[in-house]
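Quick one: this structure, given as structure tokens, is what I'll be asking you about.
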Amino acid sequence: MWRPSALAFSGFTGGAGFIGSHVVTALAARGHESVVLDALLPSAHPTAPQPPDAAADWIHADVRDRVVLARALHGVDAVCHQAAMVGLGKDFADAPAYVSCNDFGTAVLLATMAETGVCRLVLAGSMVVYGEGRYDCPRHGPVHPGPRAAADLDAGRFEPSCPDCAAELVPGLVDEDAPADPRNVYASTKIAQEHLTAAWARATGGRAVSLRYHNVYGPGMPRNTLYAGVASFFRSALARGEAPRVSEDGGQRRDFVHVRDVASANVLALEALAGREPGVLSAFNTGSGEPHTVGEMATALARAHGGPKPVVTGEYRLGDVRHITASSQRLNRELGWRAETGFAEGMAEFARSGERGT
């Protein structure tokens, strides 16, 4: 059997981070060895984590360090690239840091892979590349609403409307053929990572997959950083005895997928790379296929934790989208992946679990 070494890089979600550490564990369970490189940036790791137990080798370095990177790639068969600053950040002043970590870091990785002859890559993509999700208008069919106006949000009008007739839209599941429409700096860097990877694949004959993660949650999720996910913020509030604060009206639809399911998708993608078409980047949505609202998620966590009920604030962030839920049928059809952890089970486990950070 082909035995890949998965090289997990991190600015935030690499081999020592939330998703990456689960991928390393899942690879070890399948008999694969991992070389883990992680920068341990303070913005992602308020306290330094322990090196992953399942890692064959552990390197504390930045993916942008080309000299160290070249040494780390020696003898590696495939790369699982998890490095990214995530979330919206504080304001646009964070743009250079996001571009440097996410895009320049990816460019350095790909250039070094080309030099060292490593030709297989699984990229941590994101559903944020789509902007708003799929919508259907009763009169005009599928439509793509633009960014929501501040005046509408101030007035509590959170739902996008048809750009042609202003009718109420019906949200649905987005597939991989939907056009990219990044709405913030982070989203822009994630689509740029895919474009860079596609260019690398064409130039080198490499084989590449981008797993477009939806809202990943589960044990080990970071807290007390600007880059923690909404589920982590709610869980932290409950741990303090406070009610989760839900933005807008709580009706935002998301696809919450458990981190162990995301890790299994990475393993399947890594193992399947040898048989993928060379010179091509294939994108796969990676979600549970079971949409829930943010309000439902907060309620499920509060119920499982035994804490106070969520408070709906009506507050908003201009960079946020209203609805984005996934169809992961392509990943199921081509790689045989399916999410195994249900919403109620996963949220109950997460509500009881410990968290990374302090």
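What you see is a predicted model; the values in this text were computed from it and never measured. What's counted below: heavy atoms across the whole structure, side chains too, no hydrogens, waters or symmetry copies.
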Of all residues at least two apart in sequence or in a different chain, which pass the side chain to side chain donor-acceptor pair (under 3.5 Å) check with T313? none
Heavy-atom donor-acceptor pair, E132 side chain to H323 backbone, under 3.5 Å: yes
Side chains of H214 and S288: is there a donor and an acceptor less than 3.5 Å apart? no
For D255 and G289, indicate whether the former's side chain and the latter's backbone hold a donor-acceptor pair under 3.5 Å. yes
Check this for me: does any side-chain nitrogen of one of D249 and R322 sit under 4.0 Å from a carboxylate oxygen of the other? yes
Minimum heavy-atom distance between W337 and S328, given as atom pair plus value: CZ3-CB, 4.1 Å
Heavy-atom pair with the smallest gap, counting every atom of P308 and G241: CG-O, 3.8 Å
Is the shortest distance from a Lys or Arg side-chain nitrogen in R71 or D57 to a carboxylate oxygen in the other one below 4.0 Å? no
Can you list everything that forms a side chain to side chain donor-acceptor pair (under 3.5 Å) with E176? Sequence neighbours excluded, please. none
For E349, what residues pass the side chain to side chain donor-acceptor pair (under 3.5 Å) criterion, not counting sequence neighbours? H258, R260
Which word best sums up how the rings of Y186 and Y98 line up, parallel for under 30°, tilted for 30 to 60°, or perpendicular for over 60°? perpendicular
Side-chain H-bond candidate by donor/acceptor type, S126 with Q193, under 3.5 Å: no
What residues, two or more places apart in sequence or in another chain, satisfy side chain to side chain donor-acceptor pair (under 3.5 Å) together with D154? Y316
Can you sort out the partners of D136 under side-chain contact (heavy atoms from CB on, under 4.5 Å), two or more places apart, ordered by chain and number? R134, P142
Would you call the rings of F256 and Y217 parallel, tilted or perpendicular, taking 30° and 60° as the class edges? perpendicular
Can a donor-acceptor pair be found between the side chains of Q82 and N266 at a distance below 3.5 Å? yes
Set of side-chain contact (heavy atoms from CB on, under 4.5 Å) partners for H144, sequence neighbours left out: P179
Can you tell me how the ring of H60 sits relative to the ring of W58, calling it parallel under 30°, perpendicular over 60° and tilted otherwise? parallel
If we ignore angles and hydrogens, is there a donor and acceptor under 3.5 Å between the side chains of S100 and R64? yes
